[in-house]
Amino acid sequence: IKKAFIFDLDGVIVDTAKYHFLAWKKIATELNIDFTLEHNELLKGVSRVRSLDIILELGKIEASQEDKNKWLVQKNEDYLSYLVDMDQSEILPGVLTVLKFLKEQNQAIALGSASKNARPILEKTGIMSYFDAIVDGNDVSNAKPDPEVFLIAAQLLGISPENTIVFEDSVAGIQAANIGKMTSIGIGEEAVLHEAKYIFEDFTHIDSSFIEALIRK
Ligand code: B16
Ligand code: MG
């Protein structure tokens, strides 16, 4: 059977979490908010607007919409400055091998990301052509753990949620896949992603026989 394989972007295909962190950290420092790498886990898979709210809550700061808009623009400009030199070398280990194998097996592939910067990242890393559908932060109104982003992707591929597999690095994303009745595969730490059906440290640990079994299921 033809299955749909949906990839999250940040933390699954590329390690952009570090750039999101640096950009948010700058704003937090300006506002005298203690913002650690541990806090940053809360922002994974979460929209830009919601991320700012979480940081302001951490600092117990109430801000005007005007100020919030200013910080959102500032954060994104700063984040984009880290992406200027991005190229294929920033694709995480093992990802290309899996993408190539899925293509050879004639499987459907989609991107399902909360980011509004997904397309330029796919272009810079040269992997746009692998994707049969791209659904990102510009296309959805409900953020993960709402399954909307993955449901739209599966629909665009013409494949039912039951025949869809989702690769995710965030708790919110794993929950979204589970709520959408899809097969969730966590990429990262077992302790964080224990709600996933399968968990792998990274894509180098996913071999072709595992994927073949998913396809045949
Ligand atoms: P942007 P994903 C998410 O991407 C990130 O994990 C999250 O940290 C970020 O705030 C969000 O995208 C929005 O990104 O500011 O670029 O629109 O993991 O769903 O691919
Ligand atoms: Mg992610």
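All values below come from the heavy atoms of this structure, side chains included, with hydrogens, waters and symmetry mates left out. First listed ligand is number 1; within each ligand, the first listed atom is number 1.
Contact between S170 and ligand 1 is absent, with no heavy atom of the residue lying under 4.0 Å from the ligand. Residue contacts with ligand 1: K144 is included, with a non-hydrogen atom under 4.0 Å away. Using a 4.0 Å cutoff on heavy atoms, K75 counts as a contact of ligand 1. G45 counts as a contact of ligand 1, since one of its heavy atoms falls under 4.0 Å from the ligand.
Here the heavy atom of the protein found nearest to atom 5 (C) of ligand 1 is D10 OD2, 3.3 Å. Nearest protein heavy-atom contact of atom 11 (C) of ligand 1 is V46 O, 3.1 Å. Looking only at heavy atoms of the protein, atom 20 (O) of ligand 1 is closest to S113 OG, 2.7 Å. Among all protein heavy atoms, the one lying closest to atom 17 (O) of ligand 1 is K116 N, 2.7 Å. Atom 18 (O) of ligand 1 has D8 OD1, 3.0 Å as its closest protein atom, hydrogens excluded (heavy atom only). For atom 19 (O) of ligand 1, the closest non-hydrogen atom of the protein is A114 N, 2.7 Å. In terms of protein heavy atoms, atom 15 (O) of ligand 1 is closest to R48 NE, 2.7 Å. The shortest contact between atom 8 (O) of ligand 1 and any protein heavy atom is with L43 O, 3.2 Å.
Under the 4.0 Å criterion applied to side-chain N and carboxylate O atoms, E168 and K144 are assigned as salt-bridge partners. Residues D132 and K103 are paired through a salt bridge, judged by an N-O separation under 4.0 Å between the basic side chain and the carboxylate. Ion pairing between a basic and an acidic side chain is recognised when a charged N comes within 4.0 Å of a carboxylate O; E62 and K68 show no such pairing. The residues D78 and K26 are annotated as salt-bridged, a charged nitrogen and a carboxylate oxygen being separated by less than 4.0 angstrom.
S184 and N178 are linked by a side-chain donor-acceptor pair at a separation below 3.5 angstrom, with hydrogens and angles left out of the test. There is no side-chain donor-acceptor pair under 3.5 Å between Q105 and E212.
For D8, the N/O/S atom at the shortest distance from the Mg ion (ligand 2) is named OD2. The N, O or S atom of D169 lying closest to the Mg ion (ligand 2) is OD1. Counting just the N/O/S atoms of D10, the one with the shortest distance to the Mg ion (ligand 2) is named O.
Atoms of ligand 1 lying under 4.0 Å from any heavy atom of L9, numbered from 1 in the order shown and given with element: 20 (O). Each of the atoms 10 (O) of ligand 1 lies under 4.0 Å from some heavy atom of S51.
Centroid-to-centroid, the aromatic rings of F35 and F21 come within less than 6.0 Å. Taking the centre of each ring, F210 and F200 come in below the 6.0 Å mark.
Each of I13 and L157 belongs to its own hydrophobic cluster when Ile, Leu, Val, Met, Phe, Trp and Tyr are linked at side-chain heavy-atom distances under 4.5 angstrom. A single hydrophobic cluster is seen to contain both L72 and L42, as judged by linkage of ILVMFWY side chains at heavy-atom distances under 4.5 Å, directly or through other members. Linking ILVMFWY side-chain heavy atoms closer than 4.5 Å, directly or via other members, places I159 and V135 in two distinct hydrophobic clusters.
Close N/O approach between N117 and ligand 1 is found [any backbone or side-chain N/O within under 3.5 Å].
Among G112, P120, A17, S115, the residue whose heavy atom sits closest to atom 16 (O) of ligand 1 is S115.
Cation-pi geometry between K75 and Y79 is satisfied (NZ or CZ under 6.0 Å from the ring centre, within 45° of the ring normal).
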